Amino acid sequence: MTTDVMTRPAVLILLGPPGAGKGTQARVLEENFGLVQLSTGDLLRAAVAAGTEAGKAAKAVMEAGGLVSDEIVINILRDRLAEPDCAKGVILDGFPRTTVQAEALDGLLAENGQKINAAISLEVDDAAMVTRISGRYTCAGCGEGYHDSFKQPAVDGKCDKCGGEKMTRRADDNAETVASRLEAYHEQTAPLIAYYDGKGALKKIDAMGDIAAISGGLAKIVTDVTS
Ligand code: ADP
Ligand code: ADP
Ligand code: ZN
């Protein structure tokens, strides 16, 4: 490996179905490794809230549990990747979700002489995903994620990280959309596991355990692929 490769900003992908724990673990990696979490779900929700053209086009698709068009998502991601903080290295959470997006990402990175260090697949079974999604809520102030049973704040209703007391639940975290989201995952996103395996970039982690144990396993992988 050349020095050039070693000093490049890290690019890590967290792959996994909705509710696998991508956002939760991305935030831990952000804190421990100084990387920047890029969540296309968060970027799209911000676009919907801001009422941009992309947000208007994405809103109904997101509410129905489908995938937003590759064009919209790739444009949003391209703009975000160009922001200066991304020079610290990034963790992609929820992108890519289709082969078209994966190929676009390879192209975007190549323009800057970069490539991904690893795509880490969080392996969970479908039943766990439904339980995780239906109990999920988030601090409106800082975005920290919580769960009714698996990750409660120390003081009920008060965020451990920022002390905020406003918690939100996502409109799409309901029983009706979960089925569509799982179907979209299995049909359109799961093929990326073979895509990255074919490039020798795939790492797998059992994501059925508790949050801290998974963070420990991920830290080892990230240290390994970025050193
Ligand atoms: P994703 O970003 O993959 O959709 P999240 O990180 O938002 O998933 O996690 C979904 C929900 O499950 C959240 O409420 C989170 O607190 C909880 N969660 C995350 N990881 C675990 C885990 N290993 N065990 C139990 N609950 C978890
Ligand atoms: P989860 O991990 O729980 O599925 P996200 O926050 O990653 O949630 O995504 C929420 C919704 O935003 C998805 O159901 C989809 O409609 C849209 N979305 C997010 N990322 C992408 C993407 N890369 N491609 C297409 N749609 C996306
Ligand atoms: Zn908070």
Side-chain angles (χ1 to χ4, degrees), residues 13-31 35-86 88 90-98 100-101 104-105 108 129-130 132-148 151-153 156-185 188-189:
I13 295 170
L14 292 185
L15 276 178
K22 302 181 297 296
T24 302
Q25 297 298 342
R27 285 176 75 93
V28 176
L29 291 173
E30 194 171 48
E31 279 178 22
L35 302 167
V36 174
Q37 174 194 15
L38 298 188
S39 156
T40 42
D42 286 348
L43 294 169
L44 286 166
R45 281 185 287 278
V48 170
T52 65
E53 285 308 309
K56 283 182 202 151
K59 189 170 188 280
V61 183
M62 291 172 77
E63 280 170 1
L67 290 188
V68 175
S69 78
D70 288 327
E71 192 192 355
I72 289 178
V73 180
I74 290 165
N75 281 335
I76 284 186
L77 200 267
R78 179 191 294 116
D79 291 349
R80 182 65 185 90
L81 264 182
E83 288 176 31
D85 61 332
C86 292
K88 293 193 273 185
V90 296
I91 312 153
L92 297 170
D93 153 17
F95 183 96
R97 259 172 152 102
T98 64
V100 171
Q101 292 177 19
L105 175 65
L108 281 176
M129 284 145 53
V130 176
R132 288 188 190 180
I133 288 171
S134 55
R136 168 162 58 189
Y137 62 99
T138 306
C139 169
C142 73
E144 184 69 5
Y146 293 98
H147 191 280
D148 290 327
K151 188 184 166 196
Q152 292 158 314
D156 193 30
K158 188 169 173 157
C159 177
D160 293 338
K161 297 274 162 167
C162 76
E165 295 190 358
K166 186 167 185 294
M167 299 288 178
T168 58
R169 287 183 195 259
R170 278 167 46 181
D172 59 340
D173 277 349
N174 58 61
E176 294 81 63
T177 51
V178 167
S180 321
R181 288 159 66 195
L182 285 184
E183 195 179 309
Y185 173 77
Q188 295 174 268
T189 309

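All figures in this text were calculated on a predicted structure; none of them were measured in a lab.
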task: Output the distance between atom CD1 (Ile13) and atom CG (Leu38), rounded to the nearest 0.5 Å.
output: 11.0 Å
task: Return the set of residues passing side chain to side chain contact (heavy atoms under 4.5 Å, CB included) with Thr177 (not counting sequence neighbours), or none when no residue passes.
output: Asp172, Asn174, Arg181
- prompt: Under the criterion side chain to side chain donor-acceptor pair (under 3.5 Å), which of Asp42, Thr40, Asn75, Asp85 is the partner of Arg80?
  reply: Asp85
query: Would you say the side chain of Asp148 lies within less than 4.5 Å of the side chain of Arg169, judging by non-hydrogen atoms?
result: yes
query: Is the backbone of Pro17 close enough, under 3.5 Å, to the side chain of Lys22 for a donor and an acceptor to pair up by distance?
result: yes
query: Atom CG of Leu29 and atom CG of Leu35: how far apart are they, to the nearest 0.5 Å?
result: 7.0 Å
- request: Specify the closest pair of heavy atoms between Ala54 and Ile72, including all atoms of both residues, with the distance to one decimal.
  value: CB-CG2, 3.9 Å
- line: Contacts of Glu176 meeting salt bridge (charged side-chain N to carboxylate O under 4.0 Å, His left out) (sequence neighbours excluded), chain-then-number -> none
- request: May I have the step-by-step check of side-chain contact (heavy atoms from CB on, under 4.5 Å) for Leu105 and Phe95, ending in yes or no?
  value: CA-CA 9 Å; Leu105 175 65; Phe95 183 96; 3.9 Å; yes
field: Partner of Thr98 under side-chain contact (heavy atoms from CB on, under 4.5 Å), chosen from Thr189, Leu67, Ile74
entry: Leu67
Using distance only, find each side-chain donor-acceptor pair of residues 157-164 under 3.5 Å and give its atom names and separation, not counting sequence neighbours.
unit_1: Asp160; atom_1: OD1; unit_2: Ala154; atom_2: N; d: 2.8
unit_1: Lys161; atom_1: NZ; unit_2: Glu31; atom_2: OE2; d: 2.9

message: Is it the case that atom CD in Glu71 sees more than 12 heavy atoms from other parts of the structure closer than 6.0 Å?
response: no
- request: Can you see which heavy atom on Tyr146 is nearest to which on Met167, and at what distance?
  value: CE1-CE, 4.0 Å
query: Any idea which heavy atoms bring Val68 and Val61 closest together, and the distance?
result: N-CG1, 3.8 Å
message: Please check this pair: side chain of Arg97 against backbone of Gln188, looking for a donor-acceptor N/O pair closer than 3.5 Å.
response: no
message: Among residues at least two apart in sequence or on other chains, which ones pass side-chain hydrogen bond (donor to acceptor under 3.5 Å, both in side chains) with Glu144?
response: Arg27, Lys151
Distance-only criterion, 3.5 Å: show the donor-acceptor pairs between side-chain atoms of residues 134-142 and protein atoms not counting sequence neighbours.
unit_1: Ser134; atom_1: OG; unit_2: Val130; atom_2: O; d: 2.9
unit_1: Ser134; atom_1: OG; unit_2: Thr131; atom_2: O; d: 3.3
unit_1: Arg136; atom_1: NE; unit_2: Asp173; atom_2: OD2; d: 2.8
unit_1: Arg136; atom_1: NH2; unit_2: Asp173; atom_2: OD1; d: 3.0
unit_1: Arg136; atom_1: NH2; unit_2: Asp173; atom_2: OD2; d: 3.4

- prompt: Roughly how far, to the nearest 0.5 Å, is the OG1 atom of Thr24 from the CG atom of Leu14?
  reply: 10.5 Å
message: Holding to salt bridge (charged side-chain N to carboxylate O under 4.0 Å, His left out), I want the full list of residues that pass it with Arg78, two or more places apart in sequence or in another chain.
response: none
message: Using a 3.5 Å distance criterion without hydrogens, assess whether the side chain of Gln25 forms a donor-acceptor pair with backbone atoms of Gly21.
response: no
